[in-house]
Amino acid sequence: MDSDTLLARITDYANRPNPYPLYAELREAGPVVRQADDSYLVGTYREIAALLHDPRMSADPRTRGETTHKPPFLRLDDPEHHRLRTLAMRPFGPPHSPGRVDAMRGEIDQLTEELMEPFQAGRQIDIVDDFAYPLPVTVICRLLGVPREDEPLFREWSDAIVASADVRPEEDSTERDEAGDQARNEMGRYLVDLAEKRRGKPSDDLLSAFANEPDPARRLTQEELAETAVLLLIAGHETTVNLITNGVLTLLRQPEHLDQLRREPDLLPRAVEELLRYEPPVHMRGRIPLADIDVAGTTIPEGTSVVLALASGNRDPKRFHEPDRFDPTRPDNQHLGFGSGIHLCYGAPLARIEAQAALGALIPHLGTARLVQDPPPYRQNAMLRGPRHLPIQL
């Protein structure tokens with residue numbers, strides 16, 4: 001098959017259960033491969049990492065006229081990206097709020113224990129619906145200050161927003177984009193209203209911190225507050241759902257490593273890093289060059305669409321020894337699971353804590369569990385790849 005159809009084949013739902021042979025084909029075809037739709041696909045570790053750090057690569061879709069409204073900081077360039085990310089980080093993490101994420105460990109462990117209650121021998125459990133989805137969505141809602149009874153509202157909104165951000169060549173995305181915009185606006189309005197109710201009545205959550213920022217120079221506008229809160233809520237759970245689910249699937253497929261982690265629980269933090277490399281929750285990132293850029297002898301023209309296949313870079317044999325092998329003791333694991341450069345995942349510390357707590361609680365129960373369906377049904381999304389359901393028999 002021609003290499004210029006690789007992106008279409010990688011994003012084809014039929015290949016969702018195992019896109020890795022296509023990533024190997026991409027790396028063989030060259031660090032950079034032009035596609036039939038004139039986009040460019042990059043699949044090797046060194047080149048992806050370099051482009052993620054290259055200020056000539058824009059994350060802003062307005063560069064190509066793809067949207068008119070201001071996107072969240074995840075899709076902005078410096079200096080505006082730096083300004084908004086810094087303001088969003090103030091109540092979330094170091095240096096201004098260094099203890100916030102660590103202080104949630106006890107709450108995350110308690111939530112995990114509550115979700116484990118139905119895990120009894122003889123039962124069938126859906127890891128996604130019964131565990132991997134409710135844990136991070138509850139955590140991020142509590143962090144933002146969303147009332148528990150409103151949590152179900154977010155699933156429909158999130159699904160529509162995430163679908164609109166997917167990479168699907170050769171497909172008319174108008175309807176998807178409109179549904180995503182509508183969901184983003186509705187969720188944004190809801191979160192801004194919630195923040196407004198906290199104004200002058202501070203509580204210990206992020207929406208309250210944003211609404212009650214005393215320094216006018218550090219205050220988010222209503223539009224910025226809406227975009228930032230929506231981004232935190234979606235990014236705060238979507239990727240972690242995949243990380244936990246892919247982790248359970250990997251360990252059930254490789255019982256020797258499940259036994260290893262049961263015997264050596266101290267290996268868990270390294271195992272989570274290896275999962276972020278081996279089965280990352282985010283497979284691709286889109287960028288737009290602001291000038292012609294030479295990459296390994298190929299000139300990528302200014303203004304074209306560039307897809308960085310992070311999951312392919314994570315399996316690059318020039319960077320990782322035996323990359324197709326899951327190894328929870330792997331040294332020097334500088335994976336691209338959280339991206340790299342200025343857009344390195346904002347919520348990575350929280351995702352790591354949640355994944356370690358979740359897998360630490362699940363592993364003792366998985367010894368006699370079996371997969372009901374392998375491969376399981378996957379989500380439509382090729383960029384945020386993970387099972388939609390993962391039924392297991394305990």
Side-chain angles (χ1 to χ4, degrees), residues 1-54 56-59 63-64 165-171 173 246 276-326 330 333-341 343 375 378 380-386:
M1 289 208 183
D2 292 335
S3 59
D4 68 356
T5 63
L6 270 164
L7 185 58
R9 286 183 282 144
I10 289 165
T11 56
D12 183 343
Y13 185 74
N15 293 313
R16 200 73 75 251
N18 186 16
Y20 294 102
L22 293 169
Y23 291 138
E25 192 182 324
L26 165 61
R27 292 189 300 271
E28 283 292 313
V32 184
V33 183
R34 186 176 177 176
Q35 298 301 283
D37 63 355
D38 289 332
S39 65
Y40 287 78
L41 191 53
V42 186
T44 45
Y45 182 94
R46 192 174 138 192
E47 283 68 28
I48 291 169
L51 289 170
L52 286 170
H53 287 260
D54 193 326
R56 297 171 298 170
M57 294 296 279
S58 172
T63 308
R64 298 187 77 224
D166 196 12
V167 177
R168 291 193 211 169
E170 302 164 6
E171 185 182 302
S173 63
N246 286 333
L276 284 158
R277 182 199 70 82
Y278 181 79
E279 280 283 23
V282 180
H283 271 228
M284 288 171 264
R285 276 271 176 260
R287 291 289 185 268
I288 301 149
L290 299 173
D292 291 0
I293 297 179
D294 181 80
V295 182
T298 298
T299 299
I300 302 179
E302 175 187 350
T304 49
S305 173
V306 179
V307 176
L308 307 176
L310 308 179
S312 175
N314 277 343
R315 298 279 188 114
D316 188 343
K318 289 181 180 169
R319 176 59 185 84
F320 298 101
H321 177 64
E322 295 184 357
D324 292 324
R325 186 168 69 87
F326 175 73
R330 185 178 295 277
N333 197 351
Q334 297 290 318
H335 56 74
L336 299 168
F338 287 129
S340 192
H343 290 284
Y378 274 78
Q380 281 293 334
N381 203 296
M383 186 175 74
L384 293 174
R385 175 184 166 272

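- Checked by atom type and distance alone, the side chain of R27 never pairs as donor or acceptor with a backbone atom of P317 at under 3.5 Å.
- In this structure, the separation between CG on N314 and CG on D324 is 11.5 Å, given to the nearest 0.5 Å.
- In this structure, V307 and I10 have side chains that are not in contact, with every pair of non-hydrogen atoms separated by 4.5 Å or more.
- By the 4.5 Å heavy-atom criterion applied to side chains, L336 and R285 are not counted as neighbours.
- Here the side chain of R385 pairs a donor or acceptor atom with the backbone of R16 at under 3.5 angstrom.
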- What's the verdict on side-chain contact (heavy atoms from CB on, under 4.5 Å) for L7 and M284, showing C-alpha distance, side-chain angles and the deciding distance? CA-CA 10 Å; L7 185 58; M284 288 171 264; 4.0 Å; yes

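- Between the side chain of Y40 and the backbone N or O of P301 there is no donor-acceptor pair closer than 3.5 Å.
- Two residues are said to be in side-chain contact when any heavy atoms from C-beta on lie closer than 4.5 Å; Y45 and R315 fail this criterion.
- Using a 4.5 Å heavy-atom cutoff, the side chains of R330 and R277 are in contact.
- Put simply, the side chain of D37 gets close to the backbone of S39: a donor and an acceptor are under 3.5 Å apart.
- When ring centroids are compared, H335 and F320 stay outside the 6.0 Å threshold.
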Test side-chain contact (heavy atoms from CB on, under 4.5 Å) applied to E279 and F326, step by step = CA-CA 9 Å; E279 280 283 23; F326 175 73; over 6 Å; no

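- Taking 4.5 Å as the limit, every side-chain heavy atom of L51 sits out of range of all side-chain heavy atoms of R287.
- Between M57 and I293, some side-chain heavy-atom pair lies under the 4.5 Å cut-off.
- Ion pairing of D54 with R56 is present here, as a side-chain N (NZ or NE/NH1/NH2) and a carboxylate O approach within less than 4.0 Å.
- Annotation: R64, atom CZ; neighbour count of heavy atoms from other residues, nucleotides and ligands within 6.0 Å is above 12.
- Shown here for L26 and S312, the closest heavy-atom pair between the two residues is CD2-OG, 4.1 Å.
- Closest approach of G337 and P280 over heavy atoms only: CA-CB, 4.4 Å.
- In terms of heavy atoms, R9 sits closest to D2 at NH2-O, 3.0 Å.
- Nearest heavy atoms, H283 versus A382: CB-O, 3.6 Å.
- Here Y23 contributes atom OH and N18 contributes atom CG; the two are 10.0 Å apart, rounded to the nearest 0.5 Å.
- Taking the side chain as every heavy atom from C-beta outward, D292 and I300 never approach each other to under 4.5 Å.
- Here the shortest heavy-atom pairing between A59 and H343 reads CB-NE2, 3.8 Å.
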Set out, in order, the CA-CA distance, both residues' side-chain angles and the distance that settles side-chain contact (heavy atoms from CB on, under 4.5 Å) for L310 and L52, then state yes or no. CA-CA 10 Å; L310 308 179; L52 286 170; 4.0 Å; yes

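- Counting only distance, with no hydrogens or angles, the side chain of Q35 and the backbone of L6 share a donor-acceptor pair below 3.5 Å.
- The two residues T304 and P289 make their nearest non-hydrogen contact at O-CD, 3.0 Å.
- Inter-residue side-chain proximity for I48 and P31 is flagged as unmet; no heavy-atom pair is nearer than 4.5 Å.
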